[in-house]
Novice: 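The structure that follows is given in the form of structure tokens.
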Amino acid sequence: AQSVSQHNHHVILSEAASLELGCNYSYGGTVNLFWYVQYPGQHLQLLLKYFSGDPLVKGIKGFEAEFIKSKFSFNLRKPSVQWSDTAEYFCAVTGLYNNNDMRFGAGTRLTVKP
Amino acid sequence: NAGVTQTPKFRVLKTGQSMTLLCAQDMNHEYMYWYRQDPGMGLRLIHYSVGEGTTAKGEVPDGYNVSRLKKQNFLLGLESAAPSQTSVYFCASSGQGAGYTEAFFGQGTRLTVV
């Protein structure tokens, strides 16, 4: 069955370190890709999305992600993390079944030490 | 402008009891979704609606029913609660399908079934 995988369950970094969170999906067709973030005690909010075009997309708060179709990946990156980036990050994909059915990965908890 | 509001925020049920979770959005969105979030499993889609009077099954629909009698409201019902339904439930809405535009999430409902 089509699925979304996030291999990093918990990542701990120091401030100013670089971040890369992995996301892979299993489906050979056209998909739309998203990263959502859930800060402690808050609702999920969109960081960035990819539909088509330039595979390197930029989102809010200095985050970016690169879509590599040949690897079925959509990894999230940030050159220098801050303590305020501590949150849970979810990769999401639509198009695995239909474009209304958004499937999420298990999430990666990021802890940034001051 | 409240966005997406979920009622209640917390609830404890006994096995076999029934309850309804209410999701209300004030953004005139056509699409609404119910997810459950469990540790290590991310968000899983329960049911969704592409417009008033419509509903569709997601990834984990068993044990739940939904109704979308009014465009702004999406109700999730548990007819006979089971401990396996202990979870955090999130409602979301979007102007187009979740695959086309940002989904806006509520704050979540933490449900415990004992």
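Quick note on labels: first sequence line is chain A, next is B, and so on, each numbered from 1.
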Novice: Heavy-atom distance under 4.5 Å between the side chains of Gln37(B) and Phe90(A), does that happen here?
Specialist: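 The answer is yes; the side chains approach within 4.5 Å.
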Novice: Out of curiosity, Leu46(A) CG to Phe104(B) CZ, how far, rounded to the nearest 0.5 Å?
Specialist: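 It is 8.0 Å, given to the nearest 0.5 Å.
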Novice: Should Val37(A) and Leu48(A) be regarded as members of a common hydrophobic cluster, given that ILVMFWY residues are connected when their side-chain heavy atoms come within less than 4.5 Å of each other, either directly or indirectly?
Specialist: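 Both belong to a single hydrophobic cluster.
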Novice: Select one option (side chain, backbone, both, neither) describing which atoms of Tyr36(A) are under 4.5 Å from chain B's heavy atoms.
Specialist: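 Side chain of Tyr36(A) only, per the 4.5 Å heavy-atom cut-off to chain B.
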Novice: Are more than 12 heavy atoms from other residues, nucleotides or ligands located less than 6.0 Å from atom CZ of Arg109(A)?
Specialist: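 Result for CZ/Arg109(A): open.
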Novice: Give a yes or no on this: more than 12 heavy atoms of other residues, nucleotides or ligands lie within 6.0 Å of atom NZ of Lys78(A).
Specialist: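 Above 12, so yes.
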Novice: Which pair of heavy atoms, one from Phe104(A) and one from Leu43(B), lies closest together, and at what distance?
Specialist: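 Reported closest heavy-atom pair: CB-O, 3.4 Å.
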Novice: If you draw a 6.0 Å radius around CZ in Arg44(B), do more than 12 non-hydrogen atoms from other residues or ligands fall strictly inside?
Specialist: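 Counting other residues, nucleotides and ligands, CZ of Arg44(B) exceeds 12 neighbours.
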Novice: State plainly whether the residues Arg103(A) and Glu59(B) are in salt-bridge range, i.e. N to O under 4.0 Å.
Specialist: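 Yes, Arg103(A) and Glu59(B) are salt-bridged.
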Novice: Applying a strict under-4.5 Å side-chain criterion to I, L, V, M, F, W and Y, I'd like to know whether Val4(B) and Phe105(B) cluster together.
Specialist: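 No: no chain of side-chain contacts under 4.5 Å links Val4(B) to Phe105(B).
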Novice: What part of Gln38(A) lies closer than 4.5 angstrom to a heavy atom of chain B: side chain, backbone, both or neither?
Specialist: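 Just the side chain, heavy atoms under 4.5 Å.
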Novice: Can you name the closest pair of heavy atoms from Gly40(B) and Ala106(A) and give their distance?
Specialist: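 Smallest heavy-atom distance, with atoms named: O-CB, 3.3 Å.
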Novice: Under 4.5 Å between any side-chain heavy atoms of Tyr35(B) and Met102(A), yes or no?
Specialist: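 Yes, side chains in contact.
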Novice: Could you have a look at Val93(A), Asn32(A), Val4(A), Leu33(A) and say which one has the most heavy-atom pairs with chain B under 4.5 angstrom?
Specialist: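 Looking at each of Val93(A), Asn32(A), Val4(A), Leu33(A) in turn, Asn32(A) comes out on top.
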Novice: More than 12 non-hydrogen atoms from neighbouring residues, nucleotides or ligands closer than 6.0 Å to CD on Glu15(A), yes or no?
Specialist: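 Buried by this count: over 12 neighbours within 6.0 Å.
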Novice: Any idea which of Thr94(A), Leu44(A), Asp101(A), Val31(A) has the most non-hydrogen atom pairs under 4.5 angstrom with chain B?
Specialist: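 The option with the most such pairs is Leu44(A).
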Novice: What part of Ala103(B) gets within 4.5 angstrom of chain A, counting heavy atoms only: side chain, backbone, both, or neither?
Specialist: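 The answer is both parts of Ala103(B).
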Novice: Mind checking whether Val60(B) and Phe90(B) sit in one hydrophobic cluster, side chains of I, L, V, M, F, W, Y counted as touching below 4.5 Å?
Specialist: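 No, no single cluster joins them.
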Novice: When hydrophobic residues are tied together by side-chain contacts of less than 4.5 Å, even through go-betweens, does Leu69(B) share a cluster with Leu75(B)?
Specialist: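 In one cluster: no.
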